[in-house]
There are 2 protein chains.
Amino acid sequence: MDDVAVRRLAALAQGTRVKIFKALMRAGPDGLAAGVLAERLEVAPNTLSAHLSVLSEADLVSARREGRMRIYAVELEAVSQLLSFLVDDCCQGNPEVCAPIAARSAMSGC
Amino acid sequence: MDDVAVRRLAALAQGTRVKIFKALMRAGPDGLAAGVLAERLEVAPNTLSAHLSVLSEADLVSARREGRMRIYAVELEAVSQLLSFLVDDCCQGNPEVCAPIAARSAMSGC
DNA sequence: CCGTCATTTCAATGAGTAGTGAAATAAATT
DNA sequence: AATTTATTTCACTACTCATTGAAATGACGG
């Protein structure tokens with residue numbers, strides 16, 4: 001559990017990858033083709049592929065084939081698990097301490 | 001904005017640091033002394049200090065002095081910002097897509 | 001089947017980072 | 001002031017990781 005979270009955080013802890021992640025978050029379940037991402041983010045295809053592989057091994061994104069392109073999409077379930085991991089058991093079980101902060105974060109814009 | 005988030009993710013993307021972070025999350029605003037953390041997590045004091053410094057520069061934790069010990073506590077506001085960053089603008093502005101997932105995550109256990 | 005498009009794999013290089021022992025700082029106690 | 005306690009800073013080593021060019025794989029159209 002703990003290990004998975006670190007792997008996911010590491011996958012996101014990089015400038016290019018976090019941009020990829022956010023682009024895929026915006027795209028939602030439909031996802032985006034690797035080539036589209038490469039062009040949109042101005043990243044070399046091979047570099048992008050390496051980053052997608054990291055995100056993929058962390059299960060933060062999944063890939064499917066469509067014709068000759070490969071479509072990547074965010075794994076919302078994994079994102080949800082990651083957010084939960086970061087905040088669960090917080091404030092010694094006193095919700096009122098951080099409830100006001102929790103209120104305006106966490107997928108509220110989603 | 002983007003840069004801050006990556007810095008914070010990088011700070012959390014490490015086994016020892018994520019344990020420190022979770023311990024401090026559990027402790028809440030009261031925080032924990034560096035020494036207590038070192039003993040509880042079985043980390044050498046100098047190693048711990050380096051990790052706390054990383055978390056601190058990412059503004060995920062703050063430090064205060066109390067007697068001769070230094071007390072570290074989580075910065076809930078920063079945590080909140082980080083969670084928001086990860087999920088905002090998601091699913092092309094179609095809340096219904098990820099709302100069910102959002103429901104059971106994000107400071108819900110808090 | 002042959003060429004082309006989309007993407008990945010490989011090998012190599014340079015940059016950043018975790019951990020350690022030893023020394024330094026800082027505050028309280030005697 | 002000297003000593004002990006709590007923590008940080010320093011210098012160093014080993015390791016991991018991002019990026020790049022070149023070659024390889026896989027799928028489609030002629």
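Keep in mind that what you see is a predicted model, and the values were worked out from it rather than measured. Reminder, nothing fancy here: chain letters follow the sequence lines and each chain counts from 1.
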- Note on the structure: Atom CE of Met69(A) and atom P of dC5(C) are separated, to the nearest Å, by 14 Å

- Task: Check for a donor-acceptor pair, side chain of Gln14(B) on one end and backbone N or O of Arg17(B) on the other, with a separation under 3.5 Å.
- Result: yes

- Message: Just so I know, are the side chains of Thr47(B) and Thr16(B) near enough to count as touching, which here means a heavy-atom distance under 4.5 Å?
- Response: no

- Task: Could you check which of dA6(D), dT19(D), dT7(C) has an atom nearest any side-chain atom of Arg68(B)?
- Result: dA6(D)

- Message: Strictly below 4.0 Å: does Ser53(A) bring a side-chain N or O up to OP1 or OP2 of dT7(C)?
- Response: no

- Item | Protein-nucleotide distance (Arg70(A), atom CZ; dC5(C), atom C1'), rounded to Å | 14 Å

- Taking atom P of dT8(C) as reference, at what distance in whole Å does atom CD of Glu57(A) sit? 12 Å

- Message: Could you tell me how far apart Arg65(A) (CZ) and dC28(D) (C1') are, to the nearest whole angstrom?
- Response: 11 Å

- Task: Would you check if Lys22(B) and Phe85(A) make a side-chain contact, meaning some heavy-atom pair closer than 4.5 Å?
- Result: yes

- Could you say whether Ala33(A) or Asn46(B) is positioned toward the 5' end of DNA chain C, judged by the nucleotide with the nearest heavy atom to each? Ala33(A)

- To the nearest angstrom, the NE2-P distance between His51(A) and dA18(D) comes to 6 Å

- Item | Separation of atom CD in Gln14(A) from atom P in dA15(C), rounded to whole Å | 16 Å

- Item | Protein-nucleotide distance (Ile20(A), atom CD1; dT7(C), atom C1'), rounded to Å | 14 Å

